[in-house]
Student: 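Shown below is the structure under consideration.
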Amino acid sequence: MKGTFPVERFKNLRTPFYYYDMNLLRRTLEEIRYQLKVLDWPAAQVHYAVKANHNPVILNHIARFGFGADCVSGGEVQAALQAGFDPKTIFYAGVGKADWEIQLGLDAGIGRFNVESTAELHVLAGLAAASGKVAPISLRVNPDVAAHTHKNITTGTAENKFGIHYSVLEDVIREAQSLPSIEFIGLHYHIGSQILDLEDFKNLCHRNNEIVHKLQAHGFAIKDINVGGGLGIEYNHPNRYLMADFAGYFQTYSDELNTNLPIHFELGRSIVAPCGSLISRVLYVKEGLEREFAILDAGMNDLMRPALYQAKHRIENLSSEEDLEPYDVVGPVCESSDVFGTQVMLNKCKRGDLIAIRSAGAYGESMASQYNCRPLAPSVFSEERA
Ligand code: LLP
């Protein structure tokens, strides 16, 4: 064992692979349940954001724990159904739902369509009417609240493609209420991802309070609120912070939301990121002119986040206790952005050493590709797989 990794077991496995600590996943789910219990908040419901990781074992584990699912495609709705999520707890969001995807949701009787435009509203109404169904909807509101995170993963500002701007909301609700095959239920927000500053969520609460207050004053009935996800994790210190700050996150919403309505959360990263690591081997240690490269057998196709968002995941050498040395840790893919980290301090590396890229359980496996005809990395689970 090095840290919590079963290194002996890893020695017999072909790399790269994703390793999931199911014990940590279970503890994380329990922590969320515990924090909601502490706040005495039974009307809060968590829907796991499937996009973060759709590995069937992970999905099934979360479904059995009793959480709902937040999906953004027909494929994710199918994956959630197969994993055993109760259809009523499956919420389906996304700016571009195709007809077959909407139909799939209608046929399965999912709990909610989060509608992002009037154009979509009418397509949904038409398909629901043709199937003799009434589609339960929330409207995705663009609250124009900035999230202090990477520009590629902020979603709630006015110039974003997501949602309906709150200033035109009343017209859209009226329109929805005029459609017999649509049941308007509530509002949906999501301001961004990897948010560590709880003030951002506080700002969302305040904007929601204004919106709901105004809508209610104008006679609109709002039955629930979905505040989306976005809680960040500490990528630099996975050993010090095993879990996201669920206590602070839920406390913020509980303190700042001025309502007794049921609240839905759509957490992805904070649930699954810490429990997953990408495990690879050092293929070569290459002496550059000014720096040393540790060339891994895992590449940007296995974990896109560093190349796409300049994300920094903690990297550890599981096979060495020798002195720390700086390495540029790179993959084998033919792209200069195939870099996991520069000047990373690692215990001295040699060919064959096992390397863990930590906190990769979210948006790792789910965003992997076969670029360069590289096979998808398989997944390996800790013995505690329940
Ligand atoms: N709800 C909606 C409507 C979303 O769009 C997202 C994420 C979530 C919930 C879950 O957010 P989370 O709790 O995981 O932050 N690939 C990027 C992250 C993209 C997030 C997209 N939407 C990354 O690797 O950082």
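Numbering starts at 1 and runs along the sequence shown. Every number for a ligand or one of its atoms is a count from 1 in the order of the listing. If you're wondering where the values come from, they're calculated on a predicted model, not measured in any experiment.
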Student: Apart from I185 itself, what residues make up its hydrophobic cluster when side-chain heavy atoms of I, L, V, M, F, W and Y under 4.5 Å apart count as a link, directly or indirectly?
Tutor: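 Noted: I185 shares its cluster with no other residue.
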Student: Looking at E234 and R240, is any side-chain nitrogen of the basic one under 4.0 Å from a carboxylate oxygen of the acidic one?
Tutor: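 Looking at E234 together with R240, the answer is no, because their closest N to O distance does not fall below 4.0 Å.
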Student: Report yes or no: do E170 and H218 form a side-chain donor-acceptor pair below 3.5 Å?
Tutor: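 Per modelled atom types, E170 and H218 side chains form a pair under 3.5 Å.
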Student: So, K97 and E120, do they make that salt bridge, N to O below 4.0 Å?
Tutor: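 Here K97 pairs with E120 in a salt bridge, since their nearest N and O are under 4.0 Å apart.
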Student: Using the ring of each side chain (for Trp, its six-membered ring), is Y253 parallel, tilted or perpendicular to F201, with breaks at 30° and 60°?
Tutor: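 Rings of Y253 and F201: tilted, 30 to 60°.
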Student: Please work out, at 4.0 Å between heavy atoms, whether the side chain, the backbone, both, or neither of R269 comes within that distance of ligand 1.
Tutor: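 Both backbone and side chain.
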Student: Below 4.0 Å, non-hydrogen atoms only: which portion of D70 touches ligand 1? Side chain, backbone, both or neither.
Tutor: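 Contact part for D70 vs ligand 1: side chain (C-beta onward).
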Student: Quick check on side-chain hydrogen bond (donor to acceptor under 3.5 Å, both in side chains): which of Y48, Y18, Y20 does N53 satisfy it with?
Tutor: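 Output: one option passes, namely Y20.
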Student: Could you give all pairs that pass the salt bridge (Lys or Arg N to Asp or Glu O under 4.0 Å) test and reach residues 251-265, with sequence neighbours left out?
Tutor: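 Every pair satisfying salt bridge (Lys or Arg N to Asp or Glu O under 4.0 Å) with a residue in residues 251-265: there are none.
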Student: Is the closest N or O pair between Y309 and ligand 1 shorter than 3.5 Å?
Tutor: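 Right, the criterion is met.
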Student: For G230, is at least one N or O under 3.5 Å away from an N or O on ligand 1?
Tutor: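 Checking ligand 1 against G230, an N or O pair does fall under 3.5 Å apart.
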Student: How does E266 reach ligand 1, if at all, at less than 4.0 Å between non-hydrogen atoms: by side chain, backbone, both, or neither?
Tutor: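 The part of E266 near ligand 1 is both the backbone and the side chain.
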Student: Is any N or O atom of S193, backbone or side chain, closer than 3.5 Å to an N or O atom of ligand 1?
Tutor: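 Yes, there is a polar N/O contact under 3.5 Å.
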Student: Using heavy-atom distances only, which candidate in F91, Y363, Y48, Y189 approaches atom 20 (C) of ligand 1 most closely?
Tutor: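 Among F91, Y363, Y48, Y189, the closest heavy atom to atom 20 (C) of ligand 1 comes from Y363.
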Student: Hey, which atoms in ligand 1 end up nearer than 4.0 Å to a heavy atom of M367?
Tutor: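 So the answer, numbered in order with elements, is 16 (N).
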Student: Looking only at N/O atoms, are G192 and ligand 1 under 3.5 Å apart anywhere?
Tutor: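 No.
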Student: Which residue is it: E322, E325, E321? I am looking for the one with a salt bridge (Lys or Arg N to Asp or Glu O under 4.0 Å) to K348.
Tutor: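 The residue from E322, E325, E321 that satisfies salt bridge (Lys or Arg N to Asp or Glu O under 4.0 Å) with K348 turns out to be E325.
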Student: Which atoms from ligand 1 have a heavy atom of A49 less than 4.0 Å away?
Tutor: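 Selected atoms, number and element: 10 (C).
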Student: Looking at E316 and R314, does any basic side-chain N land under 4.0 Å from a carboxylate oxygen?
Tutor: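 A salt bridge links E316 with R314.
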Student: Which atoms of ligand 1 are found less than 4.0 Å from any heavy atom of G268?
Tutor: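 Atoms satisfying the 4.0 Å criterion: 12 (P), 13 (O), 14 (O).
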Student: Taking only non-hydrogen atoms of M304, do any sit less than 4.0 angstrom from ligand 1?
Tutor: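 It does not, in that no heavy atom of M304 comes within the 4.0 Å cut-off of ligand 1.
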Student: Short list, please: which atoms of ligand 1 are under 4.0 Å from a heavy atom of L267?
Tutor: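 Counting atoms of ligand 1 from 1, those under 4.0 Å from L267 are 13 (O).
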